[in-house]
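Here the structure comes first, spelled out in structure tokens, and everything after it is commentary.
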2 protein chains.
Amino acid sequence: MDDVRWLSAEEQEIWRAYLTASVAFSAHIDRQMRQDSGMPMAYYEILVRLSEAPHRRLRMSELADASLSSRSRLSHAVTALERNGWVERRPADGDRRGWVCSLTESGHAALAAAAPGHVTTVREHMFDVLTPEQLRSLREIGLAISAGLRTECEAARAEDDGQADPCDP
Amino acid sequence: MDDVRWLSAEEQEIWRAYLTASVAFSAHIDRQMRQDSGMPMAYYEILVRLSEAPHRRLRMSELADASLSSRSRLSHAVTALERNGWVERRPADGDRRGWVCSLTESGHAALAAAAPGHVTTVREHMFDVLTPEQLRSLREIGLAISAGLRTECEAARAEDDGQADPCDP
DNA sequence: CCGATGGTGTTGAGAGTTCAACCACCGGTA
DNA sequence: TACCGGTGGTTGAACTCTCAACACCATCGG
């Protein structure tokens, strides 16, 4: 890592355009969610993933993967969501290490109340400002970046020479 | 906000592709920065902005805008950076309310040490996985989304009927 | 000069995240 | 059976961020 391939002026411009938009957009969405529904975006994501799962329940580890969250983060988050009565945790049958997390009726109601504002925000600041072609492109870009992140994890895992895996969360 | 324009299946796919990539990518970058340089990405951003400013110094409010951070967040961050000796805060002359924050030599060294790893990560997971055309498109997409967020702020400000401005940070 | 208004920046408390242990359990192996 | 590495999940402390309140100063109008 000694001969760094620095970014050209043009590349810097691209990177900055992406970074600025990404940071500002996610901050905007998070703020909207907190103000209108009293929960951070990460919690909304958890509720969404639960609501989409069969029987509205998932193993903790599966929920962590689905909601792009570390196990530790999810554990804390579920504790908070449980306090609100939006979610329940019960032992998994068949594996006494595991727990399944399920969406309560009250949690489903909270999700239903939060969704309209969220979707409206996303539509206004994304689908209303981009052309259909840009949207198609954005989909491909997202898939490519995600794939790139995933393959690095697999490569690190494949080495399995005791190196720490930098892709846990 | 009663007749919500929900997302079509195709739109959901686009949104999810973007969200997944954006969250995973920023988490990856933040983790790399923390592990290799002991600071969160937000702090690196502050150092970068200072290093690019004339005389490597900026008013707190300008630095907050440049680093996409709220004033409160910047204030806490600068306190932490000051503790590391990477940054200094001194009263602004001409306006006794204000403070200017400047990058120290030690801060510049920390930035120089952190940059290679960061740039390498960005290149590997963005420039190496996207085509030139996708990169051009991503730049336009970023600019469009940022512009959309900005115009909403201006609209809110233009109303100036006592409504709170939801675009402060 | 005085008060009203607005901008600049800080502070403290509470919420959320990260990191590094840690415990409990599974599955395979000797 | 006993051991042992690997998995599932939690915990507590330190850290970062958000939000609301505040203090201070500038500026403008009377």
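Protein chains get the first letters and strands the later ones, always in sequence-line order, with residue 1 at the start of each.
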Self-check item: Side-chain heavy-atom pair Phe127(B), Leu7(A) within 4.5 angstrom cut-off
Solution: yes

Quiz item: Rounded to the nearest Å, what distance is computed from the CG atom of residue Asp30(A) to the P atom of nucleotide dG16(C)?
Solution: 10 Å

Quiz item: Under 4.0 Å between a side-chain N or O of Tyr43(A) and OP1 or OP2 of dA15(C)?
Solution: no

Practice problem: Rounded to the nearest angstrom, tell me the gap between atom OH in Tyr44(B) and atom P in dT16(D). | Solution: 18 Å

Exercise. Report yes if a donor N or O on one partner sits less than 3.5 Å from an acceptor N or O on the other, where the partners are the side chain of Ser75(B) and the base of dT11(C); otherwise report no.
Key: no

Exercise. Report yes if a donor N or O on one partner sits less than 3.5 Å from an acceptor N or O on the other, where the partners are the side chain of His76(A) and the base of dG12(D); otherwise report no.
Key: yes

Self-check item: salt bridge (charged side-chain N to carboxylate O under 4.0 Å, His left out) contacts touching residues 13-27 of chain A (sequence neighbours left out)
Solution: Glu13(A)-Arg139(B), Arg16(A)-Glu45(B)

Quiz item: Atom CD of Glu45(B) and atom C1' of dC17(D): how far apart are they, to the nearest Å?
Solution: 16 Å

Quiz item: How long is the line joining CZ of Arg34(B) and C1' of dC17(D), in whole Å?
Solution: 11 Å

Quiz item: Between Met41(A) (CE) and dT17(C) (C1'), how many Å, whole number?
Solution: 17 Å

Exercise. Would you please confirm or rule out a distance under 4.0 Å between OP1 or OP2 of dG9(D) and any side-chain N or O of Ser61(A)?
Key: yes

Quiz item: Could you state the CZ-P distance from Arg73(A) to dA20(C), rounded to the nearest angstrom?
Solution: 17 Å

Quiz item: Quick one: Arg71(A) CZ to dT11(D) C1', roughly how many Å, whole number?
Solution: 16 Å

Quiz item: OP1 or OP2 of dG9(D) sitting under 4.0 Å from any side-chain N/O of Arg59(A)?
Solution: yes

Let me have the donor-acceptor pairs involving side chains of residues 105-113 of chain A, under 3.5 Å, with sequence neighbours excluded, atom names and distances please.
residue	atom	partner	partner atom	Å
His108(A)	NE2	Arg56(A)	NH2	3.1

Quiz item: Any idea which of dG9(C), dG9(D), dT16(D) is nearest the Met60(B) side chain?
Solution: dG9(C)

Quiz prompt | Greater than 12 external heavy atoms within 6.0 Å of Glu10(A)'s CD | solution = no

Quiz item: Is any side-chain heavy atom of Ile141(B) less than 4.5 Å from a side-chain heavy atom of Ser137(B)?
Solution: yes

Quiz item: To the nearest angstrom, how far is Ile46(A) atom CD1 from dG9(D) atom C1'?
Solution: 14 Å

Quiz item: Looking at DNA chain C, which of residues 78-103 of chain A put a heavy atom within less than 4.0 Å of it?
Solution: Asp95(A), Arg96(A), Arg97(A)

Quiz item: Can you tell me if CD on Glu52(B) sees more than 12 non-hydrogen neighbours from other groups inside 6.0 Å?
Solution: yes

Exercise. For residues Arg49(A) and Ser69(A), determine if any side-chain heavy atom of one lies less than 4.5 Å from a side-chain heavy atom of the other.
Key: no

